[in-house]
Every structure is written in structure tokens, then in C-alpha cells.
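Below: one structure, written as C-alpha cells.
Quick note on labels: first sequence line is chain A, next is B, and so on, each numbered from 1.
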Number of protein chains: 2
Amino acid sequence: MAEVSSATVSRALTSPERVSEATRERITAAVVETGYTVNQMARSLRLRAAKTILIAIPNIGNPFYSTILDAVVQDAAERGYGVLVANRLGGDPTLGLKDYFYSNRADGLLLFDATLNLEALQDLPLVRGNRPLVLSCDDIPDAPLDLVMTDNRDAADTATRHLIELGHKRIGTVRSRTTPNVVSERHSGFERALKRANLLIRQDWIWQGDHTIGGGIVAAESWLALNERPTAMFCGNDETAIGFISRLRQAGIDCPRDVSVVGFDDIAVAQHLSPALTTMRQPRYYMGKVATALLLDILEGPTAERTPTRRILKSELIIRASTASPRDFN
Amino acid sequence: MAEVSSATVSRALTSPERVSEATRERITAAVVETGYTVNQMARSLRLRAAKTILIAIPNIGNPFYSTILDAVVQDAAERGYGVLVANRLGGDPTLGLKDYFYSNRADGLLLFDATLNLEALQDLPLVRGNRPLVLSCDDIPDAPLDLVMTDNRDAADTATRHLIELGHKRIGTVRSRTTPNVVSERHSGFERALKRANLLIRQDWIWQGDHTIGGGIVAAESWLALNERPTAMFCGNDETAIGFISRLRQAGIDCPRDVSVVGFDDIAVAQHLSPALTTMRQPRYYMGKVATALLLDILEGPTAERTPTRRILKSELIIRASTASPRDFN
DNA sequence: GTGAAAGCGCTAACAG
DNA sequence: CTGTTAGCGCTTTCAC
């Protein structure tokens with residue numbers, strides 16, 4: 001219609017300066033007229049780049065991850081990349097299959113889900129296809145991977161120390177099974193703080209949660225059944241803390257009067273709960289941005305062998321109303 | 001490597017029964033050995049189907065939408081489709097550009113964002129390219145589109161009637177600008193319930209929110225400045241209710257003693273707030289499933305002209321602790 | 001500055 | 001049951 005070859009159209013669209021102004025105008029007019037859009041499939045096939053990244057998230061429903069997804073989608077789009085979403089990839093026993101399903105649709109992988117060991121990871125079609133991979137929010141021990149996460153151990157230490165400084169001596173915790181490495185880091189920070197203060201680490205004051213509200217409720221029920229109860233709890237994330245406090249309230253136990261609770265993440269509702277939740281704020285939107293930028297830089301950078309980058313971001317203690325000195329403190 | 005032509009490999013992978021067992025085994029072995037994966041780009045180019053759908057969401061960070069996204073990703077994957085995510089498409093002034101960006105990457109569009117009029121919609125490259133489109137969670141007036149949503153007017157009526165039945169006569173509301181059509185439906189349900197009960201609809205008791213916690217806070221501040229205050233509030237969504245209650249609490253106003261509040265959506269934390277939130281539960285996970293199934297059925301069904309389907313799902317009043325009879329009620 | 005031609009990896013039609 | 005062939009729509013040499 002513009003009376004030029006397809007090659008010229010292609011040039012006009014991708015590098016306009018390589019085409020004479022007159023031709024370019026005719027082409028632009030024809031594009032508008034016909035509503036032409038480039039076929040991304042054909043372009044990808046030719047360029048061997050899908051201009052798409054895959055993000056694997058443990059649980060989209062969790063506001064912690066949906067904030068990250070927000071950041072990723074935003075920044076990827078700005079750089080011309082689409083974002084394909086995979087939910088609960090890691091926990092899925094058919095992982096290989098699923099990954100096969102996604103492989104070749106995406107140029108790189110943003111992995112926010114570390115429920116795999118290094119071996120399983122190496123076996124993924126996406127990884128074997130030599131696609132770049134950035135791990136985030138969680139670590140896989142001994143994996144020489146690009147990584148963006150927060151200082152979980154120090155953060156857990158800080159949160160626990162906050163309870164100790166309020167005068168608590170009987171401190172428990174709800175861990176989680178879902179993100180093994182993060183959790184063990186947090187747990188070791190928790191223990192480090194207790195040890196430093198010469199406080200007892202009691203096994204019956206350590207509960208297993210799963211980073212959901214329901215997990216917090218279950219922990220609270222077992223807590224209620226105890227003869228000797230901790231006066232303060234470090235919860236693995238905010239959801240757990242919400243469920244825990246909610247269940248105790250039903251049983252007439254008041255937070256923070258009867259028990260102090262500190263959460264982790266600082267999700268949006270945390271400050272609007274009653275009591276407003278004391279928590280460790282993770283810079284999750286920023287974490288999503290950093291991980292995306294890193295992945296796209298790798299994707300667009302030289303293909304030479306690179307040594308993995310490790311970016312560790314800081315978390316911040318946000319003191320609100322769910323923590324207070326124990327009643328017998330004077 | 002299996003000493004067959006590429007056509008046979010293709011057949012072995014897509015319709016194994018069309019290939020002899022011996023050949024199939026050689027091919028399977030070679031696939032495993034080499035770690036071969038099909039190139040989705042080439043396949044899509046050939047089949048003229050990306051096996052990918054695009055979901056446009058107003059705000060991923062909102063748990064309401066992230067639950068829907070969860071359902072969509074799950075069900076699409078089960079039927080072999082990837083999900084590409086676009087956030088805040090509708091609100092974006094560069095919509096056309098963005099859509100151009102996504103067009104041709106996806107076979108169909110799941111639109112949960114109705115901040116466009118019918119004309120704007122018809123102009124989208126995706127729509128002009130004749131890709132199927134399912135609108136959900138919100139309506140576009142006069143648009144003959146496939147639609148999955150809830151009965152917003154009836155739901156708002158039910159919520160408001162609940163307040164009326166508790167004995168409230170002074171009832172206000174926080175609307176929202178973000179989803180114009182849903183909101184006006186809800187608002188008309190609100191007004192219908194008031195009129196039926198012969199109650200006053202006062203303009204100074206109608207606030208504009210934006211479906212965020214912050215919007216609820218702003219409304220609460222203006223509420224606090226009032227001489228004559230409503231004794232009950234119908235909030236456009238749960239986030240608004242959370243912000244509203246939270247801000248009033250700071251000012252010493254207790255919910256439900258001083259004011260009853262009903263929300264909308266029943267997000268996960270709603271039942272764990274203090275007071276636990278009375279709200280209209282929308283079947284959002286199910287809505288995501290229905291919308292996905294509808295879109296994929298259209299995509300895979302006959303290409304003949306079809307008349308649009310309208311699926312209206314029911315919402316349910318969940319009575320909790322944030323609503324009570326007004327103090328002067330006897 | 002532009003056109004002709006080749007080829008990215010796949011599948012479908014057609015032979016055999 | 002399997003191979004040959006063509007072509008999906010694009011970009012990129014290579015000529016001119």
C-alpha cells in the first residue's frame with residue numbers, strides 16, 4: 001500500500017533514520033490506515049528473543065508478592081518486555097512439566113520461589129537453555145546465582161532485640177515451612193538475639209506456620225493450650241501475626257497487654273490493624289525493581305560469562321502498637 | 001539424531017498416535033538426551049496462536065485482583081495457556097501504545113478494567129485484530145461484550161438494607177472514582193435501599209474515595225469535620241472501610257459503637273480485623289475461573305459470530321462485628 | 001535509500 | 001507410517 005518492500009517497512013519501524021523521510025511518511029500513513037501491528041511471534045522467531053520474562057511466585061494472593069509483581073510488570077513494560085506469570089511453580093511436583101511449558105516463551109526467569117535445591121534448578125529446561133535467571137526474596141544455599149534479597153538474619157535479630165529491649169524474657173516464634181532458606185536465616189537471627197541476651201530458646205515455644213493467616217491461627221491455638229506461655233512472639237510474616245493476634249483476641253487474650261507480637265514484611269494493612277502491627281518492613285517494591293533491572297541488564301548485556309551479583313537490601317523495624325513491655329515489667 | 005524428519009518429530013510430540021511405537025521411542029529418547037524443547041515462537045507463528053492470554057488489571061497490589069489473577073493463571077495453565085499481565089492499562093493515557101505493545105503477543109484479552117468507553121475500546125489494536133475479549137468485574141454501558149461480573153446493585157442494596165434493619169437512619173457512603181460503572185451501580189443500589197426506607201440521601205454524606213486505604217482515611221477526616229454525622233457508612237470496598245475505621249479510631253470514634261461500617265469484597269484480612277468487618281463477599285476466585293473458561297472457550301470454539309454471554313454472579317452479605325444498632329436505638 | 005532473497009523452527013498438505 | 005515441501009511474518013545480509 002505504501003508501495004515499498006516489506007524490508008523497508010521493517011526498517012521504518014525499527015530504525016526510522018535508515019529510511020528517507022518521504023518513504024517513512026507513506027509507511028506511517030499506511031500503518032495508521034490499516035491498523036497494522038507487528039507480529040511479535042515472527043519478530044521473536046527471527047530475533048531469537050521473546051521480549052518476555054517469566055516470573056515465578058510462590059503465592060500471588062499474598063500481598064507481599066503482588067506488590068513485587070506490580071513493580072516487575074511496571075519496569076519490564078517500560079523496557080519493552082512482557083511479563084508471564086507462573087504461580088506456585090516451586091511447590092508443584094510437576095515442576096519440570098510446567099517449566100517445559102514456559103520454556104521458550106520467555107527470555108529469562110525471575111524466581112521468587114526457592115523451594116528447589118540447586119540440582120533441581122539446574123535441570124529446568126529454562127536453565128539448561130541457558131536463559132538468565134535472577135533469584136529473589138529467598139536464597140538457595142551454595143547456588144552461584146544472581147540474587148536480590150533482604151538481610152533476613154539481621155532483620156530477625158533486630159525484631160527480636162526489640163522485644164528483648166522491651167523487657168521480654170519469654171519469647172517464642174512462628175516459623176514457616178514454605179520458604180526454607182529465608183526462614184532458617186530468620187530463625188538463626190532470632191536465636192542469635194536470644195543467645196546474646198542469655199535467654200532460653202525453648203523448643204515448645206517454636207511453632208511451624210506456613211506464612212498464611214490460617215497458620216497463625218493454628219499456632220495461636222497451640223499457644224493457648226500451653227501452661228507456660230511466652231510473653232512475646234516473633235512471627236515469620238505479617239499474615240501469621242494477623243491470624244495469631246486474631247485468634248488470641250477471640251480467646252480473650254489481648255495484644256499487646258498480654259502478649260507482644262512482631263510481624264515481618266509490613267504489608268499495607270499492617271498499620272491499620274488494631275493494634276497496629278509492629279513489623280520489619282522489607283523494601284518489596286524496590287526489591288522487585290532491582291531484580292527486574294538486573295535480569296534485563298543481563299539479558300541485554302554482553303553474553304560473556306559473568307560472576308553472579310548478590311544484592312542484599314536492608315529491612316527496617318517499624319514500631320507500632322502490637323509490642324509493649326510485659327505486664328510484670330517494672 | 002533419531003534419524004527421522006522434523007515432521008515426524010513434530011507429529012510424535014503433538015499427536016503421538018500418528019507415529020509408530022518404535023520411532024516414537026527413538027524420538028522420546030533423543031528429546032530427553034538433548035533436552036529439546038519446542039520453540040513456542042515458531043509454533044505460534046505457524047499455528048497463528050500464541051497460546052497466551054493477556055489480563056488487564058487496574059491494580060495488582062489490591063488483594064481483590066490478585067486473587068482473581070491467581071485463579072486465572074491457574075486455570076489458563078491447566079489448558080495450556082500462559083498469562084501475560086498488564087497493570088493499570090485503563091488508567092494509562094498511553095493506553096493505545098501499551099496495547100500495541102501487547103497486541104499480537106496474546107490470543108485474547110481478559111479485561112478487569114473498565115475505565116474506557118466503548119469507542120476507546122473498539123480502537124484498541126487487540127480488539128481491531130478481532131481477538132476475543134471478556135470483560136469482568138466491571139461493565140461498560142451499551143457494550144455488547146462477553147461479561148462476567150457480580151450483581152453490584154443488588155449487593156449494595158443488600159448491604160445498605162442491613163444497616164437500615166439495624167435501625168440506622170443516617171447513612172452515608174464512600175464511592176470511588178476508579179471503577180465508574182461498578183461504582184454507579186453500587187451507588188444506585190445504595191440509593192434504592194434508602195429510598196425504599198424513605199430515608200434521606202444527603203449529598204454531604206457522600207464521599208469520593210478511590211478504593212484504597214488512603215481514600216478511606218481522607219473520607220474519614222472529612223467525616224470527622226462534620227457537625228451532623230451519619231451513624232452508618234457503606235464503603236465501596238474493604239480497603240476504604242479499613243482506612244475509614246482506622247482513621248476514626250485514632251480520633252477516638254469507635255466502630256461499631258459510634259458508627260457502623262460495611263465494606264465490599266471480603267478480602268482475606270476482613271475477618272481478622274478488629275472489629276471484624278461486615279462486608280459483601282464477591283466470589284472473586286470463582287469470577288476469575290468463569291472469565292478464564294469463557295475466554296478460552298471462545299478462543300477454542302468455532303469462529304462463527306456469537307452473541308455475547310452475560311454471567312452475573314451473586315454476592316453474599318457477611319455479617320461480622322463492624323455493624324451494630326445505633327446507640328440511640330431501642 | 002531500497003529491493004531481492006534467505007532463513008528463524010515449526011506444522012499441514014500432499015505424496016508415497 | 002513417514003518424508004518432502006511450502007510458508008507463517010519478520011529481519012538482515014547483499015546487491016544495486
Touch check for B/Ser20, heavy atoms < 4.0 angstrom, all strands: base, sugar-phosphate only, or nothing?
sugar-phosphate
Taking the side chain as C-beta and beyond, is there a heavy-atom pair between B/Ile298 and B/Arg306 under 4.5 Å?
yes
In whole Å, what is the span from the CD atom of B/Glu21 to the P atom of D/dT2?
11 Å
Over how many whole Å does the gap from A/Arg26 atom CZ to C/dT2 atom C1' extend?
11 Å
Hey, does A/Val9 reach any base, or is it just sugar-phosphate, or nothing, if we go heavy atoms under 4.0 Å?
nothing
Tell me the interatomic distance from B/Leu47, atom CG, to C/dG9, atom P, rounded to whole angstroms.
16 Å
Atom CG of B/Asn104 to atom P of D/dC8: distance rounded to whole Å?
15 Å
Could you tell me whether A/Arg79 and A/Asp297 make a salt bridge, using a distance below 4.0 angstrom between a side-chain N and a carboxylate O?
yes
Distance in angstrom units between B/Gln40 CD and D/dG9 P, rounded
17 Å
Closest to the B/Val19 side chain, choosing from D/dT11, D/dT2, C/dC10
D/dT2
Under 4.0 Å between a side-chain N or O of A/Arg43 and OP1 or OP2 of D/dT11?
yes
Will you find, in the side chains of A/Tyr81 and A/Glu300, an N or O donor that is under 3.5 Å from an N or O acceptor?
yes
OP1, OP2 of C/dC10 versus side-chain N and O of B/Ser6: anything below 4.0 Å?
no
Rounded distance in Å - CZ (A/Arg46) to C1' (C/dG7)
6 Å
Output yes when at least one side-chain N/O atom of A/Arg48 is less than 4.0 Å from OP1 or OP2 of C/dG9, else no.
yes
Would you mind telling me which of D/dG9, D/dT4, D/dC8 lies closest to the side-chain atoms of B/Ala7?
D/dT4
Both A/Met41 and B/Ser5 contact DNA chain D. Which one's nearest nucleotide lies toward the 5' end?
B/Ser5
Kindly point out which of D/dC1, D/dT11, D/dT4 is positioned nearest to the side chain of A/Thr14?
D/dT11
Is any NZ, NE, NH1 or NH2 atom of the basic residue among B/Asp70 and B/Lys289 found under 4.0 Å from an Asp or Glu carboxylate oxygen of the other?
no
For B/Asn39 and C/dG7, give me the distance from atom CG to atom C1', rounded to whole Å.
13 Å
Treating B/Arg105 as the side-chain partner and A/Lys51 as the backbone partner, does any N or O pair qualify as donor plus acceptor under 3.5 Å?
yes
Of the options D/dT12, D/dG3, D/dC8, whose atoms approach the side-chain atoms of B/Leu45 most closely?
D/dC8
Specify the separation, in whole Å, of atom CZ of A/Arg11 and atom C1' of C/dA4.
11 Å
